[in-house]
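Read through the structure below, which is laid out as structure tokens, and then see the notes.
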2 protein chains.
Amino acid sequence: MIGLGNCIEMMDEGIDRVNQVIPQLPRDEAKLCRLLLMVGTGLEEDLEFQLKPHKLNHSEFLTLMILYSRPDGSSTPGELCEFASQGATNMTRIGNALSKRGLIVRGASAEDRRRVAIRITAAGRRFVQKVLPPLFPRLDTMFDGFSTTDKRNFSHLLRKLAHNLDQLHADPAP
Amino acid sequence: MIGLGNCIEMMDEGIDRVNQVIPQLPRDEAKLCRLLLMVGTGLEEDLEFQLKPHKLNHSEFLTLMILYSRPDGSSTPGELCEFASQGATNMTRIGNALSKRGLIVRGASAEDRRRVAIRITAAGRRFVQKVLPPLFPRLDTMFDGFSTTDKRNFSHLLRKLAHNLDQLHADPAP
DNA sequence: GGATTATATTTCACTGATGAAGTGAAAAAT
DNA sequence: ATTTTTCACTTCATCAGTGAAATATAATCC
């Protein structure tokens, strides 16, 4: 384990050197991109590490949280696919895993019987309420030293970037 | 494909609702964390998509770029493991893949014969110089609308977060 | 000089993602 | 009314990426 800091240092120097050979390289943008990739990976690894004791992976956790956050605690596989950015096949597997543990139930949709209604159970809610709170101190530590302004700026910048990424994907030209 | 924007909107509302049930939830921090995860995943998917035509995955690309960025174009598996955040097993596989394509060569290290010296070849350098430039316009578009100050702030915030993540991992308590 | 440590590779196995085909139900066409 | 088409999800088979442990070889340390 070498730490993000050292990787970042190395990345800075590396991109600077590449930039000397290839001056057209957008140096700052490339650095930001690598930074985001590193931090994103680090964050994801950390989260999965926290979830492992509960035998949950990221997509299962996210799916369960989406259901928990719903006013009526229910959704459909298709909708969950979209919001959890998962393929239908995976969502089936996730549903299997969660329902096997009694955290959700699958039922037939009343209005459209092609659809499957997925609902979080009381046990599922209790589970979330048990798993979530231990994550809070870690969240606080992550943003240690971030002022309210920092957080607002950060949020703003990330949302702007997300918007640009959406544009990129809508318009495949560049 | 539903886009990051919609996912973010849904996440905002979801976390707000969860926050009403669980007031101890650090709302803004949780949102920032999810934002970073989404943007990070989006960025990674985009990069892998760009690399696919060249039959490279992210870790192979990163490894090759590290070698390219080195003043002498060489390193060792162990060092590459650290900077590419990969296990030794994977680095062997990456080395196999890259050397099979003639982009790198493996040789014995002069001073320590336990070590393997990995060096980028002339063909490897040409390959990087072919693959890299088409990525630039995409990088520029990603940070469209970002002022110089925006980029500096963004970089600063990401580095601060990376530092906090390192602290978290060094000190496993929280 | 034998034990220990360091470096890299191989083997085996796992997890999660993905694609193709299948099932059952609703909607549209005839 | 029946057929066809489309949709929502599932099943099955497969694959890519990764990780842990055993192995081989070389350096280092009493």
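Within every chain, numbering begins at 1; the chains are lettered A, B, ... in the order of the sequence lines, protein sequences first and strands thereafter.
- Remark: B:Ser59 is in phosphate contact with D:dT18, judged by side-chain N or O atoms under 4.0 Å from OP1 or OP2.
- Between D:dA26, D:dC9, C:dT9, one nucleotide has an atom nearer to the side chain of B:Thr92 than all others, and that is C:dT9.
- In this structure, A:Arg101 forms a cation-pi arrangement with A:Phe127, its terminal cationic atom sitting closer than 6.0 Å to the ring centre and no more than 45° off the ring axis.
- OP1 or OP2 of C:dA8 has not a single side-chain nitrogen or oxygen of B:Arg106 nearer than 4.0 Å.
- Between the side chain of B:Thr89 and the base of D:dA20 there is at least one donor-acceptor pair of N/O atoms closer than 3.5 Å.
- The nearest whole Å value for the distance from the CG atom in B:Leu47 to the P atom in D:dG17 is 13 Å.
- Taking the ring axis of A:Phe146 as reference, the NZ or CZ atom of B:Lys160 stays within 45° of it and closer than 6.0 Å to the ring centre.
- Classification of the B:Phe49-A:His169 ring pair by plane angle, with boundaries at 30° and 60°, yields tilted.
- When the side-chain nitrogen and oxygen atoms of A:Asn57 are compared with OP1 and OP2 of C:dT15, none of them lie within a distance under 4.0 Å.
- Ion pairing between a basic and an acidic side chain is recognised when a charged N comes within 4.0 Å of a carboxylate O; A:Asp72 and A:Arg119 show no such pairing.
- Using a 4.0 Å heavy-atom distance criterion, A:Asn90 is classed as a base contact.
- The CD atom of A:Glu60 sits 13 Å away from the C1' atom of C:dA17 (whole-angstrom rounding).
- Across all strands, B:Gly78 comes closer than 4.0 Å only to sugar-phosphate atoms, never to a base (heavy-atom distances).
- For the pair B:Ile94 CD1 and D:dA16 P, the interatomic distance rounds to 15 Å; values are reported in whole Å.
- Checked against D:dT11, C:dT10, D:dC9, the side chain of B:Asn96 finds its nearest nucleotide in C:dT10.
- In this structure, B:Glu44 places its CD atom 11 Å from P of D:dG17, rounding to the nearest Å.
- Hydrophobic clustering places A:Ile8 together with A:Met10 (ILVMFWY residues linked when any side-chain heavy atoms are closer than 4.5 Å, directly or through intermediates).
- Base contact: B:Arg93 has a heavy atom under 4.0 Å from a base atom.
- One can place CG of B:Leu51 at 15 Å from C1' of D:dG17, the figure rounded to the nearest angstrom.
- Of the side-chain N and O atoms in A:Arg115, one or more sit less than 4.0 angstrom from OP1 or OP2 of D:dA8.
- As rounded to whole Å, 13 Å separates atom P of C:dG16 from atom NE2 of A:His58.
- Taking atom CD of residue B:Glu111 and atom P of nucleotide C:dA6, one finds them 18 Å apart after rounding to whole Å.
- Atom CD1 of B:Ile118 and atom C1' of C:dA8 are 10 Å apart (whole Å).
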